[in-house]
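Residues: numbered from 1 along the sequence shown.
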Amino acid sequence: MTERNYPPEPWTLCGDAFVSVWRLPEQELPPPPDGVEPIIVAGTGFVVTAWVDYQEPGMLSYRELMATVAVYDGTKPAASITHIWVDSETSLAGGRELWHIPKDMAKFEWSSRRAITATAHSDDGPIAGAAFVPMATVPVAVPSAFAVIQRGPLRSPVRVAGKPVLVRSSWWVDADGPLGFLHGRTPLASVGISDFDMRFGTSRRG
């Protein structure tokens with residue numbers, strides 16, 4: 001740990017995630033940082049949300065809800081995190097200081113029975129909740145590599161390998177909360193990623 005009480009990058013993390021993809025009109029997208037261009041197709045942009053349960057043997061164990069906007073990394077797709085909540089002060093401090101990720105604190109309820117259900121509440125009130133019913137598991141781990149681009153712009157590489165799980169999802173979003181732009185909408189698709197291994201960030205010098 002550093003004097004700021006969080007690990008230096010890169011972080012190696014493990015756990016389970018449930019990802020949903022949403023389509024929004026360009027004018028309703030949460031804005032990415034200055035100098036970062038959202039991916040727009042026929043006047044439509046894309047938001048990707050994720051509920052994540054980080055577990056041992058990763059560096060940190062905590063829960064997370066985030067919303068990202070699909071953006072360009074040169075000619076490649078990338079993600080810019082616009083809203084994110086965690087239940088770990090260590091993760092909050094590291095995310096803000098290392099990668100300019102605007103993490104806030106929230107309380108989570110999480111149940112992993114037949115349906116995986118999750119809810120998040122901040123001190124200001126409810127944020128969102130979701131249920132994911134697993135349908136089928138792909139029996140091989142699938143790797144993925146992309147970048148997260150935050151203000152600066154600061155580009156941080158991410159590598160993830162995990163087992164995709166086809167899921168059926170249902171969401172509720174507080175209409176007056178910070179994710180209100182998703183209220184009343186239905187995701188285009190949702191997928192689970194079980195037993196993933198993630199490497200976030202890079203060793204920086206100077």
Side-chain angles (χ1 to χ4, degrees), residues 13 15-32 38-41 43-55 62-71 77-88 91 95 101-138 142 144 146 148 158 160 162-196 198:
L13 302 167
D16 300 311
F18 296 89
V19 179
S20 297
V21 180
W22 312 71
R23 184 171 56 194
L24 275 74
E26 179 179 4
Q27 64 273 18
E28 297 182 30
L29 283 177
I39 296 173
I40 304 297
V41 179
T44 298
F46 301 91
V47 169
V48 180
T49 56
W51 297 86
V52 190
D53 183 17
Y54 295 105
Q55 306 160 10
Y62 62 97
R63 288 172 176 159
E64 177 177 270
L65 168 62
M66 65 177 164
T68 75
V69 174
V71 298
S80 186
I81 300 170
T82 59
H83 299 77
I84 182 167
W85 296 268
V86 297
D87 60 1
S88 162
S91 173
I101 296 174
K103 294 186 178 184
D104 287 312
M105 293 295 293
K107 294 180 180 178
F108 290 80
E109 296 182 3
W110 195 289
S111 175
S112 300
R113 296 176 182 172
R114 167 58 182 159
I116 294 85
T117 60
T119 61
H121 295 73
S122 72
D123 289 343
D124 296 325
I127 301 168
F132 301 92
V133 179
M135 307 298 291
T137 301
V138 178
V142 177
S144 177
F146 59 95
V148 168
V158 183
V160 183
K163 297 177 181 178
V165 181
L166 301 180
V167 299
R168 184 175 70 247
S169 68
S170 59
W171 278 74
W172 67 261
V173 177
D174 185 76
D176 299 318
L179 296 183
F181 54 89
L182 298 178
H183 176 74
R185 301 183 186 276
T186 301
L188 288 174
S190 296
V191 65
I193 307 171
S194 66
D195 298 324
F196 69 74
M198 175 188 292

Please verify the inter-ring angle class for [X] with [Y]; under 30° counts as parallel, over 60° as perpendicular, anything in between as tilted.
X     : Y      : result
Trp51 : Phe108 : perpendicular
Phe18 : Trp110 : tilted
Trp22 : Trp171 : perpendicular

Distance-minimising heavy-atom pair for [X] and [Y]:
X      : Y      : value
Val71  : Pro32  : CG1-CB, 4.1 Å
Gly162 : Ile193 : CA-CG2, 3.9 Å
His183 : Val173 : ND1-O, 2.8 Å
Ala106 : Ile127 : CB-CD1, 4.2 Å
Pro134 : Ile116 : CG-CD1, 3.7 Å
His83  : Pro30  : CE1-CB, 3.8 Å

Exercise for the section: Look at atom CZ of Arg185 and say whether more than 12 heavy atoms of other residues, nucleotides or ligands are closer to it than 6.0 Å. Expected result: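 Result for CZ/Arg185: enclosed.
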Practice task
Taking atom CD of Glu109 as the centre, report whether more than 12 heavy atoms of other residues, nucleotides or ligands fall under 6.0 Å from it.
Solution key: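 Count not over threshold, so no.
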Value rounded to 0.5 Å, distance of [atom1] in [X] from [atom2] in [Y]:
X      : Y      : atom1 : atom2 : result
Asp87  : Met105 : CG    : CE    : 6.5 Å
Arg63  : Thr119 : CZ    : OG1   : 10.0 Å
Leu182 : Glu28  : CG    : CD    : 10.0 Å
Asp53  : Glu64  : CG    : CD    : 10.5 Å
Tyr54  : Ser88  : OH    : OG    : 11.0 Å
Gln27  : Thr44  : CD    : OG1   : 8.5 Å

Would you say the side chain of [Y] lies within less than 4.5 Å of the side chain of [X], judging by non-hydrogen atoms?
X      : Y      : result
Ser122 : Asp104 : no
Val52  : Leu13  : no
Phe46  : Leu188 : yes
Ser194 : Asp16  : yes
Lys103 : Ser91  : yes
Ser170 : Val133 : no

Problem - Residue of the set Val167, Val191, Thr117 for which side-chain contact (heavy atoms from CB on, under 4.5 Å) holds with Phe132 - result: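 Exactly one candidate clears the test, Val167.
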Problem - Backbone of Val48 reached by a side-chain donor or acceptor of Thr68 within 3.5 Å - result: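 Present.
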